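Here is how names work: the chains are called A, B, and so on, in the same order as the sequence lines, proteins then strands, and each is numbered from 1. What you are looking at is a predicted structure, and each value in this text was computed from that prediction instead of being measured. As a basis for the values below, the full set of heavy atoms in this structure was taken, side chains included, without hydrogen atoms, waters or symmetry mates.
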There are 2 protein chains.
Amino acid sequence: MIKQPVNFENLSQQVIATLNADIDALLNHASLPNPLQEACRYAMTGQGKRVRPLLVACGYHTVEQSSAQIDFELQSEALSDLMINDDCRRAMLAVEFLHTYSLIHDDLPCMDDDDLRRGRPTCHIKFDEATAMLAGDVLQTLAFEVLTANIEGFAPIADEQAAKLLTVFAPRARRMVSGQMLDLNAENKQITQAELEAIHRDKTGALIEAAVLMGGVCAKASSEQLPSLTQFAQNIGLAFQVQDDILDVTASTDTLGKPAGSDEGLNKSTYVRLMGVDTATDYAKSLFVEGKQAIEYSFGPQSALTALADWLWQRQK
Amino acid sequence: MIKQPVNFENLSQQVIATLNADIDALLNHASLPNPLQEACRYAMTGQGKRVRPLLVACGYHTVEQSSAQIDFELQSEALSDLMINDDCRRAMLAVEFLHTYSLIHDDLPCMDDDDLRRGRPTCHIKFDEATAMLAGDVLQTLAFEVLTANIEGFAPIADEQAAKLLTVFAPRARRMVSGQMLDLNAENKQITQAELEAIHRDKTGALIEAAVLMGGVCAKASSEQLPSLTQFAQNIGLAFQVQDDILDVTASTDTLGKPAGSDEGLNKSTYVRLMGVDTATDYAKSLFVEGKQAIEYSFGPQSALTALADWLWQRQK
């Protein structure tokens with residue numbers, strides 16, 4: 001089987017269209033009272049990059065393609081078409097709901113006190129603090145509920161798959177909160193690169209790891225394949241954070257959809273502070289390269305995950 | 001088989017001792033950074049009544065006893081002894097962690113703004129708002145994580161049981177948040193008894209329902225037994241809330257461990273406002289009686305759940 005390059009733009013458009021429709025279906029399923037329902041819908045839409053659901057879909061696609069015996073004639077088309085199962089759609093929802101809850105709570109006055117997110121007023125500015133807190137709370141609940149819920153348009157999930165996804169997801173959802181705490185502890189302090197990495201391994205890395213692994217689990221990845229997925233996710237998670245720190249000083253508020261330069265305002269430790277923009281850029285690049293190597297080693301040179309890594313490397317926001 | 005009365009005091013002491021040790025084990029497993037770990041430990045201890053874990057244990061005990069063939073000689077002893085399996089211990093933790101997260105968030109300034117809880121300063125007073133919010137967030141995560149986590153001293157849970165527990169638990173955890181929203185919407189408004197009941201069915205009733213049903217699931221309750229458990233839980237959940245409203249006006253702050261008369265201060269609709277203390281007391285009693293009847297119908301006159309209902313009816317806080 002000769003692999004064709006993945007058409008990433010095509011793949012990602014399909015993933016995001018599917019995700020958006022599924023977000024709608026899950027919120028309809030939840031039928032929350034207003035203004036809670038409106039607040040959840042508001043927070044779950046907007047101009048999010050949907051990186052985590054894309055990681056799920058590409059993790060799934062990468063594992064699935066590596067085991068599929070695809071007819072030569074169909075191969076090129078298949079590689080750019082969305083091929084995800086309903087379990088994978090559940091996992092995509094789980095990571096995006098969890099991520100969005102963390103953003104809403106992170107933006108609250110008692111945390112980062114941000115007014116702008118994804119190009120629009122933050123949830124507590126658009127609604128109020130109580131509604132925003134409850135929206136975050138219930139989005140976390142929905143992130144877990146979607147793993148087993150009976151939702152219209154979704155095939156039921158097997159108990160074994162649901163239990164596996166929960167086992168991958170929950171401890172990393174916990175680590176995300178640990179990372180938030182470590183991040184708060186580090187404010188107004190000089191910390192080392194090792195300490196900074198420990199924060200980000202939990203704060204952003206854990207959920208990125210969950211996303212890639214859950215994609216793999218949905219495609220029934222073997223126990224030999226999971227370590228490569230983990231290695232990839234850990235590298236990409238860290239690279240993503242280094243990039244965020246770089247973009248915070250090099251991009252405009254308009255491009256970012258959130259206030260540029262906000263790290264400095266909060267006196268936060270960042271990679272840019274520790275090593276400067278140029279070294280940080282080299283570091284991010286080397287992390288991307290290593291992450292891709294882990295995937296190429298197990299799944300060959302052309303896969304959805306390496307295409308996603310290339311796309312992330314190019315991002316401007 | 002002749003049933004002996006359940007020694008409820010004995011049973012509840014064992015349940016609470018087990019729960020307290022298990023809370024410790026789960027928080028050790030989580031190994032959160034401080035002050036998050038301390039805040040979680042602080043919130044999970046104190047003088048809580050542990051009603052929800054008791055509902056899990058008694059739900060388990062009731063179903064288990066109804067199918068057990070117990071030796072006559074051992075019977076009386078067995079009925080007052082703690083007989084729960086490790087899945088049941090997980091479910092007890094899940095409901096108590098979820099309940100505690102909801103209390104922490106409910107006490108925050110943007111919600112009820114309470115300073116006193118379980119006889120001590122609330123979490124955000126003892127620590128700070130950011131830590132309290134994160135503690136609530138991570139306690140919710142742990143409530144789900146415990147359903148599958150590999151914790152020292154716990155037998156692994158079967159995938160089928162974990163998936164079933166998640167299916168029972170998650171939608172009711174969501175309804176709890178819906179109930180909070182409905183409760184906020186009703187502040188400073190005249191509402192009817194039907195509207196008040198709709199609030200409490202979600203705000204407190206859903207988790208009580210989850211507790212009893214999860215106990216039943218852990219004891220492999222049959223599909224014929226589940227409706228009786230649900231009926232019991234719905235009656236007891238409502239009765240519990242009516243009692244809370246009564247105690248808010250009849251008990252002292254010292255006894256309650258939280259400010260007495262706080263409902264009036266917040267201008268909240270309560271059963272006492274709608275029907276007066278005497279009628280509310282009669283109403284609570286009739287709910288208890290009906291709840292017990294549902295259990296007696298399926299499980300006979302002597303069971304842990306009916307003993308728990310009697311104990312709840314007598315409570316002074």
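Ring geometry, A/H105 versus B/H105: the interplanar angle exceeds 60°, so the pair is classed perpendicular (tilted spans 30 to 60°).
Put simply, the side chain of B/K164 does not reach to within 4.5 Å of the side chain of A/T148, judged on heavy atoms. Counting only heavy atoms from C-beta outward, the side chains of B/L134 and A/M111 approach each other to under 4.5 Å.
Heavy atoms closer than 4.5 Å to chain A are found nowhere in B/A149, neither backbone nor side chain. Neither the backbone nor the side chain of B/I157 comes within contact range of chain A; no heavy atom of the residue lies under 4.5 Å from a heavy atom of that chain. Residue contact with chain A, scored on non-hydrogen atoms closer than 4.5 Å, is absent for B/D202. A/L142 touches chain B through its side chain: at least one heavy atom from C-beta onward sits under 4.5 Å away, while N, CA, C and O do not. Only the side chain of B/Y101 comes within contact range of chain A, with at least one heavy atom under 4.5 Å from a heavy atom of that chain. Neither the backbone nor the side chain of A/N150 comes within contact range of chain B; no heavy atoms are under 4.5 Å apart. For B/M133, the part lying near chain A is the side chain, with the backbone staying farther off; criterion is any non-hydrogen pair under 4.5 Å.
We find the CG-CG distance between B/L184 and A/D128 to be 8.0 Å, quoted to the nearest 0.5 Å. Here B/D159 contributes atom CG and A/T167 contributes atom OG1; the two are 7.5 Å apart, rounded to the nearest 0.5 Å. Note that CG of A/L36 and CZ of B/R174 are 10.5 Å apart. Values are rounded to the nearest 0.5 Å. Distance CD/B/E145 to CZ/A/F144: 8.0 Å, rounded to 0.5 Å.
Between chain B and the residues A/V138, A/L32, A/V146, the most heavy-atom pairs under 4.5 angstrom are made by A/V138. When each of A/P171, A/A162, A/G179 is scored by its heavy-atom pairs under 4.5 Å with chain B, the top score falls to A/P171. Among B/P33, B/S31, B/G136, the residue making the largest number of heavy-atom pairs under 4.5 Å with chain A is B/P33.
Shortest non-hydrogen contact noted between A/A170 and B/T141 is O-CG2, 3.5 Å. Across all non-hydrogen atoms, the minimal contact from B/C110 to A/A130 is O-CB, 3.3 Å.
Of the possible polar contacts, one joining the A/N185 side chain to the B/N34 backbone as a donor-acceptor pair under 3.5 Å is found.
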